[in-house]
Amino acid sequence: MATKKTSLTKHPLKILFVSSEVEGFAKTGGLADVAKSLPAALKKMGHDVRIVMPFYQTINGKDNAVAILSTELFVEPQPFAVNYQVMQLDESNVPVYALDAPQYYDRPELYAENNQAYADNGERFTFLSAASLDLCEKLGFQPDVIHCNDWHTGLIPFLLKTRYAESNFFAKSKSVITIHNAVFKGVFNYDQYSLIPELIQRRYINAEMDPSHISMLKAGVAYADKVNAVSPNYASELLTHLGSHGMEADFQNRAKDLYGIVNGCDYDDWNPETDSYIKQKFKANKVSLARGKKACRRDLQKQVNLPEIDVPVYGMVCRLTEQKGLHYLIPVLEDFLLNDVQVVIVGTGDPTLASALRDISEQHSDKFAFVETYSNPLAHCVEAGVDFFMMPSEFEPCGLNQMYSLAYGTLPIVRSVGGLKDTVIDYDQTPQVATGFIYDAPTPEALLIKLQRSLLLYCQRPQEFKRLQQNAMACKFNWDESAEQYLDMYLGGEQSLVNEICNDKVDA
């Protein structure tokens with residue numbers, strides 16, 4: 001795809017990036033990492049980027065936030081308004097505007113409590129969409145591109161094409177929606193869309209089989225100028241029934257506007273040479289790698305109460321959900337533990353999965369440690385201390401842990417789905433450049449076979465294992481490269497999102 005490099009360097013874009021969570025302020029998953037790193041990379045390239053997110057009760061840096069706007073979101077034709085403030089958070093790189101509306105965001109969690117979603121999530125994130133555009137006008141920030149993320153922001157493209165269709169302010173604003181996980185569609189009853197009454201008339205974005213509900217994600221896909229997935233393979237999966245979780249027709253209708261761009265990795269946070277969380281920092285050379293991994297293994301074993309012995313260690317850090325493939329691992333875990341290995345799993349989530357893991361850990365406490373917590377420092381220790389990282393995902397739009405693993409010389413064992421297929425090179429297919437192990441079948445048996453295969457390599461061909469570790473550490477998924485691809489989508493080639501903007505700026 002050709003790119004207008006002159007336009008990119010001489011005429012920076014104004015980009016509004018809207019996300020329900022941002023790393024450093026509020027986080028439940030990989031969306032937050034993207035919402036921090038991609039805007040920063042675009043800013044570094046000279047573009048004017050602003051982030052909008054909710055002002056949650058638990059947001060980090062809340063005490064240092066400064067109110068820069070107190071206003072009302074008016075709703076017509078109904079005669080009512082929602083009061084809110086725009087709080088600027090303390091961020092030295094990209095300005096972060098947090099929407100302070102206590103009736104929506106002054107709660108203990110972001111989306112749910114005790115595994116129960118907040119009943120008014122539809123209205124809460126309808127407000128995020130509507131207020132994000134409202135504050136642009138009132139702050140005088142006229143975006144060229146509004147970059148939306150997942151269902152929480154799916155109504156922004158709809159509003160641009162309906163409520164703001166005749167607006168001079170947004171006349172040249174274009175929208176992108178990034179699909180981080182299509183399983184979550186944002187489906188709610190009409191009652192939750194009172195802030196956008198015109199939405200209810202759009203019957204074709206109703207949820208499947210239920211005309212009384214509307215899907216925010218379907219609205220975003222239908223109305224955005226461009227749609228992109230967080231890896232090329234995931235973009236192709238979205239065109240299928242299984243990969244799109246029933247939305248294949250929506251994505252097929254937008255196939256010519258559908259892109260796949262793999263996420264980058266934040267190597268400032270995930271770097272074994274500088275990581276303050278791990279026992280011993282290390283580099284990719286053989287001596288440093290061997291010493292560092294051994295020290296980190298011992299430290300991890302000590303932290304999770306496993307015997308401090310020299311055996312291959314397998315790890316997993318994830319939300320406890322079937323998406324992450326735990327229902328494939330649990331049935332074969334005890335069989336795998338018959339080998340001379342140790343396994344460490346860290347995570348919280350589904351109580352049934354957690355209970356099953358606890359039972360196995362009690363029966364095999366000398367070989368298996370299950371730590372039911374979310375801990376960023378412990379996650380770093382796992383990545384540095386284990387030899388193999390397991391990601392037997394049911395589906396995985398991009399995945400970040402496999403990238404972190406590669407950076408620490410930890411070989412990923414992944415299923416051939418989404419971004420896992422795009423970022424890991426299988427040893428049994430292309431051994432010379434391999435960085436891990438990939439398998440296809442969504443079954444416990446297929447996973448067990450690949451676990452045994454990796455163990456065989458570790459035990460019988462130690463030098464080959466070390467070579468793969470160095471291959472892994474040589475892999476880099478830099479956000480600068482991903483940001484260039486996003487700019488190509490915004491500005492470049494025949495499928496340009498904003499050729500009009502480019503041309504106008506060049507002509508000016």
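Keep in mind that what you see is a predicted model, and the values were worked out from it rather than measured.
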Ignoring hydrogens and geometry beyond distance, is a side-chain donor-acceptor pair present between [X] and [Y] at under 3.5 Å?
X      : Y      : answer
Tyr111 : Ser20  : yes
Gln402 : Thr423 : yes
Glu21  : Thr28  : yes

Check the pair Asp33 / Lys27 against salt bridge (Lys or Arg N to Asp or Glu O under 4.0 Å), numbers first and verdict last.
-> CA-CA 8 Å; Asp33 296 285; Lys27 175 180 177 177; 3.1 Å; yes
Side-chain heavy atoms of [X] within contact of [Y], under 4.5 Å:
X      : Y      : value
Tyr486 : Thr178 : yes
Phe17  : Leu38  : yes
Cys136 : Pro143 : yes
Leu89  : Met53  : yes
Glu322 : Asp350 : no
Ile196 : Phe158 : yes
Ser393 : Arg415 : no
Leu13  : Tyr490 : yes

In Å and rounded to the nearest 0.5 Å, what is the OG to CD distance from Ser416 to Glu396?
-> 12.5 Å
Would you confirm whether the ring centroid of [Y] sits within less than 6.0 angstrom of the ring centroid of [X]?
X      : Y      : value
Phe188 : Trp151 : yes
His152 : Phe184 : no
Phe127 : Tyr84  : yes
Tyr404 : His380 : no

Residues in side-chain contact (heavy atoms from CB on, under 4.5 Å) with Thr443, at least two apart?
-> Ala441, Glu445, Ala446
Among Asn181, Leu242, Leu420, which one satisfies side chain to side chain contact (heavy atoms under 4.5 Å, CB included) with Phe395?
-> Asn181
Side chain to side chain contact (heavy atoms under 4.5 Å, CB included) assessment of Val262 paired with Tyr234 = CA-CA 9 Å; Val262 73; Tyr234 189 51; over 6 Å; no
Apply side chain to side chain donor-acceptor pair (under 3.5 Å) to the pair Arg50 and Tyr97, showing each step before the final yes or no.
-> CA-CA 7 Å; Arg50 317 286 174 92; Tyr97 301 144; 2.8 Å; yes
Take Arg163 and Glu198, measure what salt bridge (Lys or Arg N to Asp or Glu O under 4.0 Å) needs, and give me the verdict at the end.
-> CA-CA 8 Å; Arg163 180 178 295 181; Glu198 57 266 51; 2.9 Å; yes
What's the verdict on side chain to side chain contact (heavy atoms under 4.5 Å, CB included) for Tyr314 and Ile413, showing C-alpha distance, side-chain angles and the deciding distance?
-> CA-CA 10 Å; Tyr314 290 69; Ile413 300 171; 3.7 Å; yes
Phe125 and Tyr105 aromatic ring geometry - parallel, tilted or perpendicular at 30°/60° bounds = tilted
Any idea how Tyr164 and Phe170 line up, ring-wise: parallel (<30°), tilted (30 to 60°), or perpendicular (>60°)?
-> perpendicular
Ala35 backbone acceptor or donor facing Ser19 side chain under 3.5 Å | no
Check against side chain to side chain contact (heavy atoms under 4.5 Å, CB included), Arg124 and Gln103 = CA-CA 9 Å; Arg124 296 173 73 223; Gln103 67 270 43; over 6 Å; no
Between [Y] and [X], is the closest basic N to carboxylate O distance under 4.0 Å?
X      : Y      : result
Lys138 : Asp134 : yes
Lys36  : Asp269 : yes
Lys14  : Asp144 : no
Asp426 : Lys421 : no

Could Lys476 and Tyr267 be counted as a cation-pi pair, given that NZ or CZ must be under 6.0 Å from the ring centre and within 45° of the axis?
-> yes
Does NZ or CZ of Arg107 fall inside the cone over Tyr118's six-membered ring, less than 6.0 Å from its centre and within 45° of the axis?
-> yes
From CA spacing to verdict: side chain to side chain donor-acceptor pair (under 3.5 Å), Gln485, Tyr259 | CA-CA 10 Å; Gln485 293 181 56; Tyr259 286 71; over 6 Å; no
Go through the steps to decide whether Glu383 and Thr410 satisfy the test side chain to side chain donor-acceptor pair (under 3.5 Å), and finish with yes or no.
-> CA-CA 7 Å; Glu383 292 287 11; Thr410 296; 4.9 Å; no
Step by step, would you call Ile330 with Leu353 a side chain to side chain contact (heavy atoms under 4.5 Å, CB included)?
-> CA-CA 8 Å; Ile330 289 171; Leu353 296 173; 3.9 Å; yes
